[in-house]
4 protein chains.
Amino acid sequence: MPKRTFNRLDDDKKERVMRAAIEEFLARGYEAAKIETIAQTAGVAKGSLYQYFDDKKDLFLYSVTWAIEYFMKSIDRQTPLKDMDVYDYFLSSGRERYELMKREPLLAAFSLDVASGKYNSLTREINSEYKRIGEEYELRLIANGKRRGTVRDDLDDKTLLLFFQGVTEKFTGEIMAKAEGFKSDPTEEQLCGMENLMKSMVSLLKQGMGR
Amino acid sequence: MPKRTFNRLDDDKKERVMRAAIEEFLARGYEAAKIETIAQTAGVAKGSLYQYFDDKKDLFLYSVTWAIEYFMKSIDRQTPLKDMDVYDYFLSSGRERYELMKREPLLAAFSLDVASGKYNSLTREINSEYKRIGEEYELRLIANGKRRGTVRDDLDDKTLLLFFQGVTEKFTGEIMAKAEGFKSDPTEEQLCGMENLMKSMVSLLKQGMGR
Amino acid sequence: MPKRTFNRLDDDKKERVMRAAIEEFLARGYEAAKIETIAQTAGVAKGSLYQYFDDKKDLFLYSVTWAIEYFMKSIDRQTPLKDMDVYDYFLSSGRERYELMKREPLLAAFSLDVASGKYNSLTREINSEYKRIGEEYELRLIANGKRRGTVRDDLDDKTLLLFFQGVTEKFTGEIMAKAEGFKSDPTEEQLCGMENLMKSMVSLLKQGMGR
Amino acid sequence: MPKRTFNRLDDDKKERVMRAAIEEFLARGYEAAKIETIAQTAGVAKGSLYQYFDDKKDLFLYSVTWAIEYFMKSIDRQTPLKDMDVYDYFLSSGRERYELMKREPLLAAFSLDVASGKYNSLTREINSEYKRIGEEYELRLIANGKRRGTVRDDLDDKTLLLFFQGVTEKFTGEIMAKAEGFKSDPTEEQLCGMENLMKSMVSLLKQGMGR
DNA sequence: TATGAATGAGACTTCATTCAT
DNA sequence: AATGAATGAAGTCTCATTCAT
């Protein structure tokens, strides 16, 4: 957890620090990430980081928290998701989701890495705390689906969750990799490719776990 | 690539070294892995490792190669796979596959990590070489399926591959984690759980990408 | 080149570091010199040296620069050398030069080693830069001599330079070795010996390259 | 000193070993020279070197001895030097000396480095033994010169020796460097340049220490 | 609070030397 | 005697963390 000092910072600096940290952790991995680089990128002194966080690990762990919270906020804002269907969850958004990845490729990529288990040695301890946040949401989607009869009920929820996560993580990774490819502005054609990929995924999900 | 020196070693020592390396890389990740520890575990001198390999990276890269080759051999031996169906691919083996993981949890876990993209920063260069080996096999399964009408043909092979990999990697990871749990000897009940998980996975795969 | 960090140090510490480095390089040669020893002698932490310089080589190269510059300053201060004669160049100073060597035996010995080509494998790259500084000066002396008729003009300047350098380097080395011998305070007799050696050298130079 | 084992080797292998050692020491300096490389170049096993010599230092010291002895033999063969004049010593040979350097650039360069004090930290101990060999010869030349009146007698022999060595070492170094430049076959023009350089040197020596 | 120099534990790597075959 | 694998001491360099200003 960040120290009191960090919370007192103005939002801009807070954000600069967190983005710098995430950028570095994403690019190099936890071990190879350099505090020095993070400080430079954020435009603060190396020593300052130690006034904000206990140590490197603390900074990393909060990076995870921060990224997830940031994403949650964004997604919440976009999808009211009150009582949404598993399949619609993705279809409804389509291009929107892609836009989010496009707008925040850093956070998206980082979250994906965290979710898919890189950094596991570090996050195992916090998994119970953070991973569950996402899972809870997804489990609710599944439960909803079962209730309204769009999700098969011959498999238990946890198994379905595995399926759901496996598929979505893989496709998200692929989309991210592609987005990485056409850096600046994707052509309409490329956007279409993205949407088709999304649609394919939803179709596979639907058939796979549908009734 | 290992140096000539390594190839000249007797098989036992070669295996000890590779297993020690894999164990360490798996447990700590590439950066945090210590050459010293690997040497001790393997029962050789630190300096010897540098007679076998150019440097840490070289050792790591060969660990990947070695693990994959080891697995290939084992799997090939078990499944004739001449003209096998995607779904049977997993079902047929069931307990067998589980036994393999149980027998070689180290290699299994390591391979999974490699396959699912941890170490990507290191393996990207060799991915084209090794990752493709696995993918090729899987693509063939998919093509087979399409030909005989058990796999839907409204999606292209690469998309189906993503789906297939996403699901199988996730389930394999879960099984591995469970296996980790009941270290020594799994009860019959636990083995059943495993098999059920496998069956569920196959069912989800079948429905999802089936026709 | 030293990093910014080094230049910001107070002069005392800068000097301590450079002298420690030169002392070690002189005593052991480049390869055998230990960073650890330099740090200890300078009274700084090993790591600090790496905040000042990129690596051992960088430190060494700057040691050369530093020593030469230090010497240049001292010599410039003592000899106005506007339009000086080759032979007077040494004679004029005599005891003075000896005093300099006595005062800065470290720098003198180090410079001599550098000038006479030890460390050539390292300094070849910078030779063009630094060696030329000294040579330029000496070539000017030779040109002066030719112009005013005190230096023979049947040999070209570069050949005369070889001669000049060969003789002066050898004698300087000898003087240095002797000075080393009577550590603390040389007796009047010893000082005389020095002066005689200088005079002999000048006499040999004069006859050799004189007209 | 080499062990008995070394002396028992056939001459070819002995020579291969010594040349390999000298090549490596010359190229890299004592500290950086690798036993491994020497062994490979000589075409013997690393371990064998330790059957021939006590250790690296022993091998180095004998390299010096071997090179000097080799040179002595060659020079002796060419110049009867019974009662030769200092100046003739060089003039007489001229192209011959150059040929020697050309024929044995390795040994020539190595000897020069040894003579001019590189490796001093190692050879100081043996200087008394080997350096004196050359010096003795040169001192005799000087004494001869004084006796027959071609060398000034207002300076003592040791001073004249310094002068003599300073000049000859520097010029030899220059010639060697040039020879290095036109590797394989020097043109007649280049050979002439060499001879002129030699003549210039002798002229400077003659004037400088002549009467 | 902010800064950035100082610190030193610790990791990788090299290589002279030993030793078993 | 010859070989080349084995060894581990020792050295360079990195970088998280501390600390004085």
Side-chain angles (χ1 to χ4, degrees), chain A residues 3-6 8-9 13 31-40 43-59, chain B residues 3-6 8-10 13 31-40 42-59, chain C residues 3-6 8-10 13 31-40 42-59, chain D residues 3-6 8-9 13 31-40 43-59:
Chain A
K3 299 181 184 173
R4 211 168 348 92
T5 342
F6 182 70
R8 287 198 192 128
L9 295 178
K13 190 182 266 189
E31 298 288 346
K34 288 192 247 182
I35 292 289
E36 171 89 53
T37 306
I38 295 175
Q40 274 173 11
V44 300
K46 198 176 6 167
S48 297
L49 291 182
Y50 283 86
Q51 303 225 329
Y52 307 152
F53 299 92
D54 282 333
D55 52 21
K56 194 184 181 182
K57 194 173 172 185
D58 189 26
L59 172 55
Chain B
K3 299 183 184 173
R4 227 198 304 99
T5 335
F6 182 71
R8 284 191 196 143
L9 295 179
D10 58 287
K13 191 181 266 190
E31 300 286 349
K34 287 191 251 179
I35 291 288
E36 173 88 57
T37 306
I38 295 175
Q40 275 172 9
V44 303
K46 200 179 1 166
S48 297
L49 290 183
Y50 285 88
Q51 291 219 322
Y52 307 152
F53 300 92
D54 281 332
D55 51 21
K56 194 183 178 182
K57 192 176 172 184
D58 191 29
L59 172 55
Chain C
K3 299 182 184 174
R4 230 204 296 101
T5 336
F6 182 71
R8 285 188 194 146
L9 295 180
D10 58 287
K13 189 181 269 189
E31 300 286 349
K34 286 191 250 178
I35 291 288
E36 174 88 57
T37 306
I38 296 176
Q40 275 172 9
V44 301
K46 200 184 355 168
S48 296
L49 291 183
Y50 285 88
Q51 291 220 319
Y52 307 152
F53 300 92
D54 281 334
D55 50 22
K56 194 183 180 182
K57 191 176 174 185
D58 190 28
L59 173 54
Chain D
K3 299 182 182 174
R4 205 160 4 84
T5 342
F6 181 71
R8 286 197 193 130
L9 295 179
K13 191 182 263 190
E31 299 287 347
K34 286 191 249 182
I35 293 289
E36 170 89 52
T37 305
I38 295 175
Q40 274 173 10
V44 301
K46 197 173 12 163
S48 298
L49 291 183
Y50 283 86
Q51 303 225 330
Y52 307 151
F53 300 92
D54 283 333
D55 51 22
K56 193 183 181 183
K57 194 174 172 183
D58 189 28
L59 173 54

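So you know, we letter chains A, B, ... as the sequences are listed, proteins then strands, and number each from 1.
Counting distance only, with no hydrogens placed and no angle test, the side-chain atoms of B:Lys56 and the base atoms of E:dT13 include no donor-acceptor pair under 3.5 Å. Residue side chain B:Lys46 does not reach the base of E:dG10 through any donor-acceptor N/O pair under 3.5 Å, judged by distance alone.
Closest contact between the side chain of C:Val44 and the listed nucleotides E:dT13, E:dT1, E:dT7 involves E:dT7. When the nucleotides E:dT13, E:dG10, E:dT7 are ranked by their closest atom to the side chain of C:Ser48, E:dT7 comes out on top.
For DNA chain F, the contact window with chain C, defined by any atom under 4.0 Å from a protein heavy atom, covers F:dG11 to F:dT14 in 5' to 3' order.
Between the side chain of A:Lys13 and the backbone N or O of A:Phe6, no donor-acceptor pair lies under 3.5 Å.
Within the 4.0 angstrom heavy-atom criterion, only backbone atoms of the sugar-phosphate kind lie near C:Ala33; the bases stay farther away. Among the atoms of the strands shown, none is found under 4.0 Å from any heavy atom of C:Ala39. Looking at heavy-atom distances under 4.0 Å, B:Lys13 makes contact with sugar-phosphate atoms alone, never a base.
Closest approach of A:Ala45 to A:Ala39, counting heavy atoms only: C-CB, 4.0 Å. Taking every heavy atom of both residues into account, D:Ile35 and D:Lys56 meet most closely at CD1-CG, 3.9 Å. Contact between D:Asp58 and D:Asp54 at its shortest, heavy atoms only, is OD2-N, 2.9 Å.
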What would the secondary structure line of DNA chain E be in dot-bracket form, counting Watson-Crick and G-U wobble pairs under 3.5 Å, with [ ] for pairs that cross earlier ones and | for pairs with another strand? .||||||||||||||||||||
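Residues A:Glu36 and D:Arg4 each lie close to DNA chain F; by heavy-atom proximity, the contact nearer the 5' end of the strand is made by D:Arg4. Mapping D:Leu9 and A:Tyr50 onto DNA chain F by nearest heavy atom places D:Leu9 closer to the 5' end of the strand. Across the interface with DNA chain E, nearest-nucleotide mapping of C:Tyr52 and B:Gly47 shows C:Tyr52 to be the residue nearer the 5′ end.
Rounding to the nearest 0.5 Å places CZ of D:Phe53 at 9.5 Å from CD1 of D:Ile38. B:Thr5 contributes atom OG1, which lies 8.0 Å from atom OH of B:Tyr52 (distance to the nearest 0.5 angstrom). Of the inter-residue distances, the one linking B:Lys3 atom NZ with B:Arg8 atom CZ reads 12.5 Å to the nearest 0.5 angstrom. Note that the NZ atom of B:Lys34 and the CD atom of B:Gln40 stand 9.0 Å from one another [nearest 0.5 Å].
Protein atom CD of B:Gln51 is 12 Å distant from nucleotide atom C1' of E:dA16, rounded to whole Å. In this structure, C:Leu49 places its CG atom 12 Å from C1' of E:dG8, rounding to the nearest Å. B:Leu59 places its CG atom 10 Å from the P atom of E:dT13, with the value rounded to the nearest Å. Rounded to an integer number of Å, the gap from B:Asp54 CG to E:dT14 C1' is 13 Å.
Between C:Arg8 and E:dG4 there is no side-chain polar atom (N or O) within less than 4.0 angstrom of OP1 or OP2. Distances shown here put a side-chain N or O of D:Lys34 below 4.0 Å from the OP1 or OP2 atom of E:dC15.
Evaluation of the salt bridge (Lys or Arg N to Asp or Glu O under 4.0 Å) rule for C:Glu36 yields C:Lys46 as partners, not counting sequence neighbours.
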